[in-house]
Amino acid sequence: MVNPEFVPSDEVAQAVADGRPVVALESTLIAHGLPRPDNARVARRVESVVRAEGAVPATIAILDGAARVGLSDEQLDRIAGGRGVAKVSARDVPAAVVDGGMAATTVASTVRLAHRAGIGVFATGGLGGVHREARETYDESGDLHELSTAGVVVVCAGVKSILDVPATLERLETLGVSIVGYQTDAFPGFYLSDSGYPIDWRVEDAGQVARLVTARRMLGLDDRALVVANPLPEDVQLDPDLHDRVLDEGVERLHEAGVRGKDVTPFLLDHFHRATAGASLTANIEIIVRNAGLAAQIAVATAQQE
């Protein structure tokens, strides 16, 4: 029976039914994380990278009164080119569906909808987490809660460096979310290869991640996300001194403008783009392309093993 509120594409539905590898992709990166017209081009490049590695891409968004898992070219263009596209976390998805408009999914909502569709691997840029000054504001991304409720493999470049990284790592530990470093012992800092905080466990290849996925399932410990932290190479990362200076400036301007809640991340990312003359955008694109490729390799290895 067709569910009018939840619509996987025919390609995605068939791939999941056949046990073939599928990689979920978020749409907030397209609608809010990248400037036009680069966003549509990068979105297609990311999907092409997933296909080149042997998996099916499933970009997720809210369109025409339905949560759609896997977008056509026309639907992707609508998300990339639409003005005023809402940004929805998991709690907002039903309201966005009933509203009947267009909305882009965050990490939290993408994880939830990917899990609902039976997709086990998701690629993104950087996770949300505990915001700076959270002791006063209680500002914490909904990503963390969703990671604690859905057993999806999440390939990312750590958490966004504009956040309180050590507090976020503490929350992930408390929530029971596993983290492994991909060929690294250091937790990545999004634009930076190393956030300055270590990771307890590391993996060397996609096959090792696939074995980890199986072990989690056999042990009954696969009800929460497995975060695979994939750092940028040091020769591709943003210059650390430039990063720190721009971040301090951005936080100061954030306070002056009184920006709060879900508007904080887009504000700071836009500041980074302008203040680094596009260097942060280049790094951001490299992050999502690399993560999509690794996620596809993991999806393929997992499907072969299972």
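Keep in mind that what you see is a predicted model, and the values were worked out from it rather than measured. The figures here come from the full heavy-atom set of this structure, side chains too, leaving out hydrogens, waters and symmetry mates.
Checked against ring-ring contact (aromatic ring centres under 6.0 Å, His included), His271 has no partners two or more places apart in sequence or in another chain. The salt bridge (charged side-chain N to carboxylate O under 4.0 Å, His left out) test applied to Asp10 returns no partner, not counting sequence neighbours. Remark: Phe190 engages no residue in a ring-ring contact (aromatic ring centres under 6.0 Å, His included) (not counting sequence neighbours). With sequence neighbours excluded, the residues satisfying salt bridge (charged side-chain N to carboxylate O under 4.0 Å, His left out) with Asp38 are Arg41. Taking the side chain to side chain contact (heavy atoms under 4.5 Å, CB included) definition, one finds that Ala296 meets it with Val23, Val50, Glu53, Ala55, sequence neighbours left out. A search for salt bridge (charged side-chain N to carboxylate O under 4.0 Å, His left out) contacts involving Asp244 returns nothing, not counting sequence neighbours. Taking the salt bridge (charged side-chain N to carboxylate O under 4.0 Å, His left out) definition, one finds that Asp200 meets it with nothing, sequence neighbours left out. When the side-chain hydrogen bond (donor to acceptor under 3.5 Å, both in side chains) test is applied to Thr276, the partners found at least two apart in sequence or on another chain are Ser280. In this structure, Phe122 has no ring-ring contact (aromatic ring centres under 6.0 Å, His included) partners at least two apart in sequence or on a different chain.
One finds the CD atom of Glu47 at 6.5 Å from the CZ atom of Arg51 (value rounded to the nearest 0.5 Å). Remark: Leu247 CG to Glu252 CD distance equals 11.5 Å, nearest 0.5 Å. Here CD of Gln237 is found 13.0 Å from OH of Tyr191. Values are rounded to the nearest 0.5 Å. We find the OG-NE2 distance between Ser89 and His145 to be 9.5 Å, quoted to the nearest 0.5 Å. To the nearest 0.5 Å, atom CZ of residue Arg216 and atom CZ of residue Arg224 are 10.0 Å apart.
At a threshold of 4.5 Å between non-hydrogen side-chain atoms, the residues Phe272 and Leu281 do not count as touching. Side-chain contact between Val16 and Pro8: absent, with no pair of heavy atoms (C-beta onward) separated by less than 4.5 Å. Contact check for Phe6 versus Val69: side-chain heavy atoms found under the 4.5 Å cut-off. Side-chain contact between Leu71 and Leu63: present, with at least one pair of heavy atoms (C-beta onward) separated by less than 4.5 Å. For the pair Leu127 and Leu147, the minimum side-chain heavy-atom distance is below 4.5 Å. The closest side-chain heavy-atom distance from Arg78 to Asp64 is below 4.5 Å. Contact of the Ile119 side chain with the Val12 side chain is registered, since non-hydrogen atoms from C-beta on lie closer than 4.5 Å. Looking at heavy atoms from C-beta onward, Pro21 lies out of side-chain contact with Val121 at the 4.5 angstrom threshold.
Of all the heavy atoms in Gly33 and Asn284, the pair that sits closest is O-ND2, 3.9 Å. Minimum heavy-atom separation, Val107 to Gly126: CG2-O, 4.3 Å. When all heavy atoms of Ile79 and Ala103 are compared, the closest pair comes out as CD1-O, 3.9 Å. The two residues Val46 and Ala292 come nearest to each other via the heavy atoms CG1-CB, 3.6 Å. Residues Ala43 and Leu76 come closest through the heavy atom pair CB-CD2, 3.8 Å. Across Arg211 and Gln305, no two heavy atoms sit closer than the pair CG-OE1, 3.2 Å.
Under the side-chain hydrogen bond (donor to acceptor under 3.5 Å, both in side chains) criterion, the residue pairs touching residues 100-127 are Glu26-Thr124, Ser27-Thr105, Thr105-Thr110, Thr106-Ser109, Arg112-Glu146, Arg112-Thr149, with sequence neighbours excluded. Counting only residues at least two apart or on different chains, the side-chain hydrogen bond (donor to acceptor under 3.5 Å, both in side chains) pairs with a member in residues 169-181 are Glu140-Arg171. Listed by first and then second residue, the side-chain hydrogen bond (donor to acceptor under 3.5 Å, both in side chains) pairs involving residues 286-295 are Asn230-Asn291 (not counting sequence neighbours).
One hydrophobic cluster, built from ILVMFWY side chains closer than 4.5 Å, holds both Ile179 and Tyr197.
When each of Asp143, Thr168, Leu169 is checked for a side-chain contact (heavy atoms from CB on, under 4.5 Å) with Val159, only Thr168 meets the rule.
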Checklist entry - side chain to side chain contact (heavy atoms under 4.5 Å, CB included) between Leu212 and Gln208: does it pass, once the steps are laid out? => result CA-CA 6 Å; Leu212 183 54; Gln208 191 174 354; 6.0 Å; no
